[in-house]
Asks: 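So that we are looking at the same thing, I have put the structure below in structure tokens.
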Amino acid sequence: MIKLPPYITSFMKIFQDAGFRIYVVGGTVRGLLMKHDVSDWDFTTSATPEEIIKLFPHSFYNNSFGTVGIPIKEDGAELVLEVTTHRKEGDYSNARHPDKVEWAEKVEDDLARRDFTINAIALRQAQGKLDITDPYGGQEDIEKKVIRAVGDANIRFQEDALRLMRAIRQATQLGFTIESETMASLQTHAKLIVGISGERIQAELFKLITSNNAADGILLMKEAGLLQYVLPEVEHCFGVEQKSPERHHIYDVGTHLVESLRHCPSADVITRLATLIHDTGKKETQKIDPETKIITFYNHEVVGEQQAKEIATRLRLSKKDTQKLVILVRHHQFTVSEEQSDKALRRFIRQIGVENIDDMLALRTGDRLGSGAKETSWRTELFKKRLIEVQNVPFSVHDLKITGNDVMEYLNIKPGPQIGKIMNALFEMVDDGKVKNEKDALLEKLREIKESIE
Ligand code: ATP
Ligand code: MG
């Protein structure tokens, strides 16, 4: 049995005492029915925005959708309750935005414009009892764990194509299936997703790939026909073979990408996206030797880097996220060998950035497990240890224990390009392990270097 917290009940009573109807609605009701912890509270009411503001002078209203934010204090913490006037939607002239929003009298009208039955349930307190309005059988669908469109799915997806992604994303997050008519309709109208902005697709995709069932979510996108529009680079990798005689791959490239995501241990969304797309360059670079039948993908990470940039542009990623995505894809082929020099390891760290080491390794773990290999190897473990050790040595000229001023003073020379050259040469020697990064040792080398440069 659902119980509303007392502060919610008293909040709703303020509306009821003023003669308005108010309901908890949408994802909040779904969460309550599924016994999840609910932290976002959404309400719908018969009061207009102006009437709400009269009841709560501290509320704010700055959008055209009828949503008023009401700040309240609960348990010492400030939170905002969102209350939206019952709406009914006018005509849709395209798949993006309803032409106009009209207030509605009845909660049933408001529920009719919502996307899925499980999101179209309203709940209120009446005469001390909970009263549920559920015209589309949402409670039953929650029981059955299905996503089903409210009304005619074909019409609903044509009205607003973002619902295509929302259906897959919510099914993935909740571990639900998509009811067969709704699924058929998704497949019919999948192409409409191209009319939706990159930002809004990104928001849905990011929620999907950070959920527990991310890999299955990508497969569901493929089944629904959305993957070919949202991430065509991944879609095109299905059926690209990589099995060679005596090689470890057990999956085609597309399946490998999905399985890599499934096993990626990072919760970071960009690392997860990078893991999902890391091998997309394999489609273009695949070569099969006619005699040995060995399949190669030379430079696939370079082609992949370009594709990562295109994906980032299409999904409107921030500059920072783009940079990280591109670095992770470009360098995912890094070698793990006990024969690499410390210098080579430091070059690798400089290329990817110290801050990305853990995520680069998480991508590798996903990559290995997603090809049917073991999670790690003694080589990888040794490599990880060395990655930490080699960082004790300076990374750039700026980390040297002497400065340009020391150089000028010690050698009695004037500022000029020579100083930089000497500093760089010193750094090379430290990086090569020929001299320690200690002030006296470095000063001792100065004369020698000066002569070699002149
Ligand atoms: P979550 O917050 O966990 O993502 P939610 O169901 O609360 O899930 P919101 O995006 O917060 O999703 O939307 C709140 C409610 O608004 C939904 O439950 C649904 O009833 C309605 N809704 C949101 N987007 C749409 C849409 N594109 N078309 C129709 N109804 C929608
Ligand atoms: Mg919500």
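Whatever order the structure lists ligands and atoms in, that order sets their numbers, starting from 1.
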Asks: Under 3.5 Å, is there a donor-acceptor pair between the H86 and T44 side chains?
Replies: yes
Asks: Looking at ligand 1, would D160 count as a contact under a 4.0 Å heavy-atom criterion?
Replies: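 Checking ligand 1 against D160, which is what was asked, there is a heavy-atom contact under 4.0 Å.
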Asks: How close does the nearest protein non-hydrogen atom get to atom 28 (N) of ligand 1, and which residue and atom is it?
Replies: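 Looking only at protein heavy atoms, the one closest to atom 28 (N) of ligand 1 is R163 NE, 2.7 Å.
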Asks: Is the contact between R156 and ligand 1 made by the side chain, the backbone, both, or neither, using heavy atoms and a 4.0 Å cut-off?
Replies: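 Near ligand 1, R156 shows nothing, with every heavy atom at 4.0 Å or more.
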Asks: Closer than 4.0 angstrom: is that true for some heavy atom of Q170 and an atom of ligand 1?
Replies: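 Contact check Q170 vs ligand 1: positive.
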Asks: Do S337 and Q340 pair up side chain to side chain, a donor and an acceptor below 3.5 Å, judged on atom types alone?
Replies: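 Side chains of S337 and Q340: no pair found under 3.5 Å.
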Asks: Parallel, tilted or perpendicular, judged at 30° and 60°: which one describes the rings of H332 and H278?
Replies: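 Ring orientation of H332 relative to H278: perpendicular.
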Asks: In the protein, what heavy atom is nearest to atom 7 (O) of ligand 1, and what distance, to one decimal place, separates them?
Replies: G27 CA, 3.4 Å
Asks: Using distance alone, determine whether D40 and ligand 1 share an N or O pair under 3.5 Å.
Replies: no
Asks: Which protein heavy atom lies closest to atom 1 (P) of ligand 1, and at what distance to 0.1 Å?
Replies: R169 NH1, 3.9 Å
Asks: State the atoms of ligand 1, each with its element, that fall below the 4.0 Å cut-off from a heavy-atom position in K207.
Replies: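 So the atoms of ligand 1 that pass are 4 (O).
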Asks: For Q173 and ligand 1, does the shortest N/O to N/O distance drop below 3.5 Å?
Replies: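 Between Q173 and ligand 1, no N or O pair is found under 3.5 Å apart.
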Asks: Considering only protein heavy atoms, which is closest to atom 19 (C) of ligand 1, and at what distance to one decimal place?
Replies: D115 OD1, 3.5 Å
Asks: Can you name the one residue among H300, H256, Q242 that meets side-chain hydrogen bond (donor to acceptor under 3.5 Å, both in side chains) with K282?
Replies: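 One option only clears the test, and that one is Q242.
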Asks: Show which atoms of ligand 1 fall inside a sub-4.0 Å distance from at least one heavy-atom site of G26.
Replies: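 Reading through ligand 1 atom by atom, the close ones are 18 (O).
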Asks: Do T67 and E82 have side-chain N/O donor and acceptor atoms under 3.5 Å apart?
Replies: no
Asks: Centre of Y136's six-membered ring, under 6.0 Å away, within 45 degrees of the axis: is that where NZ or CZ of R148 sits?
Replies: no
Asks: Ignoring hydrogens and angles, state whether a donor on the side chain of H263 or D367 is under 3.5 Å from an acceptor on the partner side chain.
Replies: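 Absent: no donor and acceptor within the cut-off.
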Asks: Return yes if a side-chain donor-acceptor contact under 3.5 Å exists between Q351 and R347, otherwise no.
Replies: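 There is no such pair (donor and acceptor under 3.5 Å, judged by atom type) between the side chains of Q351 and R347.
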Asks: How far is atom 6 (O) of ligand 1 from its nearest protein heavy atom, and which residue and atom name does that atom have?
Replies: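 Nearest neighbour among protein heavy atoms for atom 6 (O) of ligand 1, to 0.1 Å: R30 NH1, 2.7 Å.
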Asks: So which protein heavy atom does atom 14 (C) of ligand 1 come closest to, and at what separation?
Replies: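 So the nearest neighbour among protein heavy atoms is D42 OD2, 4.0 Å.
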Asks: Does the side chain of T285 come under 3.5 Å of the side chain of N299 through a donor N or O and an acceptor N or O?
Replies: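 No - no donor-acceptor pair under 3.5 Å links their side chains.
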Asks: Not counting sequence neighbours, which residues clear side chain to side chain contact (heavy atoms under 4.5 Å, CB included) with T255? List them please.
Replies: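 So T255 forms a side chain to side chain contact (heavy atoms under 4.5 Å, CB included) with F238, Y251, D252, E259.
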Asks: Compare R166, R114, E82 and give the one whose heavy atom is closest to atom 22 (N) of ligand 1.
Replies: R166
Asks: Which of the atoms of ligand 1 are close to R113, meaning less than 4.0 Å from one of its heavy atoms?
Replies: 29 (C), 30 (N)
